[in-house]
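Heads up: numbering here begins at 1 and tracks the sequence. Both backbone and side-chain heavy atoms feed into the values below; hydrogens, waters and symmetry mates do not. Start at 1 and go down the list; that is how both ligands and their atoms are numbered.
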Amino acid sequence: MRLIRYEGNPIVIPNPNHEWEKGGVFNCGATIFNEEVLLLYRAIGNYDTYVSTLGLAKSKDGYNFETFAEPVMKPEAEYERFGVEDPRITLLEGKYYITYTAVKTPVPKGDVEFHIGIASTTDFKTFERHWTIINEYRNKDGVLFPEKIDDRYVLIHRAPEPHMWIAYSKDLKNWTDHEKFFSPIENSWQDFKVGAGAPPIKTDQGWLEFYHGVDKNLHYSLGVMLLDLKEPTKIISILEDPILTPDEEYEKVGDVPNVCFTCGVVEKDSKYLVYYGAADKCIGVATIDKTKILQVL
Ligand code: BMA
């Protein structure tokens, strides 16, 4: 089973007229807001500093996007001075929570320090910074579940690497009971690293998680798994093969070659629309019928 790429890909490309996003626009969270598909995407202007900001894109149909002259979220807190990257959007208790990579030390300097930042918004114009979490590790690829399970918030994260972990919290700040639930698989398209993609989507069959797997050549592909609704560390089903691999020119050639990296999926017209960063340069969308994917899982 493969995702079907939209024939108009890429759907968002760097804008040479905007200093902050002239280099690359890529990994994006996605949600439906005021009946429009909204993307919050990572943008790079200057490759010498490599500091990312977040831009906003809006669309009525999910394929044709309007973008704006200014980023909506720029580094502001001390812990994100060197960039806000890879945002994921989760609608939780009436607020949109953004989990993102908060970069604390300069990127071109090697051993970069980064953590999972949590911010929230109700209008996608102003973003309240909360804090960073699980600060004992360098950590990224954090996605919040859209509801509590047994009265606790639930998060997938990625530290220590190269595994996917689930942790629980009463207050979104202190995370405990970390459990490793998925690891790289030897001699496969995901034998080097695995990490969460989009926030899990609730279905009758379980939590649907679109994630990424990296092989030893550093090719990033997408996979999908289904997690138990009550015990999300239990993988009910997982597809052996990737559902999207970097095969198109715009996925193979960019700032970082051979990358398909999702941070957001929306449900629209009986399909899942999977938004993904391609080669750390532009944004594509690929879709799959909801019933079809749930049938094969
Ligand atoms: C990952 C993340 C992504 C990026 C990918 C490929 O570690 O940092 O932002 O798209 O690498 O470069």
Side-chain angles (χ1 to χ4, degrees), residues 10 12-14 21 23-30 39-47 49-55 71 73 75 80 82-89 98-117 132 137-143 156-165 184 189-199 210-223 242 244-248 250-265 274-286:
V12 188
I13 56 171
E21 60 168 350
V25 294
F26 47 117
N27 308 338
C28 55
L39 305 180
L40 198 57
Y41 62 86
R42 177 175 171 194
I44 292 193
N46 178 344
Y47 281 107
T49 56
Y50 216 83
V51 172
S52 297
T53 59
L54 303 182
M73 194 167 143
E80 62 189 25
F82 293 92
V84 288
E85 305 180 353
D86 301 355
R88 276 83 171 185
I89 306 169
I98 318 298
T99 47
Y100 60 99
T101 310
V103 184
K104 200 170 178 185
T105 58
V107 180
K109 290 224 167 98
D111 211 12
V112 188
E113 188 178 345
F114 51 81
H115 301 288
I116 296 169
T132 59
Y137 296 107
R138 294 188 337 158
N139 206 346
K140 50 167 70 171
D141 298 334
V143 299
I156 304 179
H157 68 89
R158 229 280 294 282
E161 278 192 9
H163 318 278
M164 285 167 75
W165 299 75
W189 59 277
Q190 48 184 344
D191 57 3
F192 185 56
K193 284 197 266 191
V194 289
F210 290 90
Y211 71 100
H212 67 263
V214 188
D215 70 13
K216 293 196 171 121
N217 297 314
L218 298 184
H219 289 199
Y220 284 70
S221 302
L222 301 185
L244 192 75
T245 47
D247 295 325
E248 296 290 329
Y250 58 88
E251 298 161 347
K252 291 201 283 194
V253 181
D255 184 45
V256 178
N258 303 301
V259 178
C260 293
F261 192 95
T262 189
C263 295
V265 173
V274 179
Y275 295 94
Y276 64 101
D280 287 10
K281 183 56 79 177
C282 60
I283 297 171
V285 60

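- Ring planes of His212 and Tyr220: tilted class, angle from 30 to 60°.
- The nearest protein atom to atom 12 (O) of ligand 1, hydrogens excluded, is given as Asp280 OD2, 2.8 Å; this is a heavy-atom distance.
- At least one N/O-N/O distance between Arg42 and ligand 1 falls below 3.5 Å.
- Every atom of ligand 1 with a heavy atom of Val256 under 4.0 Å away is listed here by number and element: 12 (O).
- Scanning the protein for heavy atoms near atom 8 (O) of ligand 1, the closest one is Lys140 NZ, 2.9 Å.
- The pair Lys281-Asp255 fails the salt-bridge criterion, with no side-chain N (NZ, NE, NH1 or NH2) lying under 4.0 Å from an Asp/Glu carboxylate O.
- Checked for salt-bridge contact, Asp111 and Arg138 meet the test: a charged N lies under 4.0 Å from a carboxylate O.
- The closest protein non-hydrogen atom to atom 2 (C) of ligand 1 is Asp86 OD2, 3.5 Å.
- Between Tyr47 and Tyr50, the two ring planes are tilted [angle within 30° to 60°].
- Because its NZ or CZ atom is not both nearer than 6.0 Å to the ring centre of Phe114 and within 45° of the ring axis, Lys104 does not count as a cation-pi partner of that residue.
- Neither the backbone nor the side chain of Thr101 has a heavy atom within less than 4.0 Å of ligand 1.
- At the top of the distance list for atom 11 (O) of ligand 1, counting protein heavy atoms only, stands Tyr220 OH, 3.1 Å.
- Taking a cutoff of 4.0 Å between a charged side-chain nitrogen and a carboxylate oxygen, Asp215 and Lys193 do not qualify as a salt bridge.
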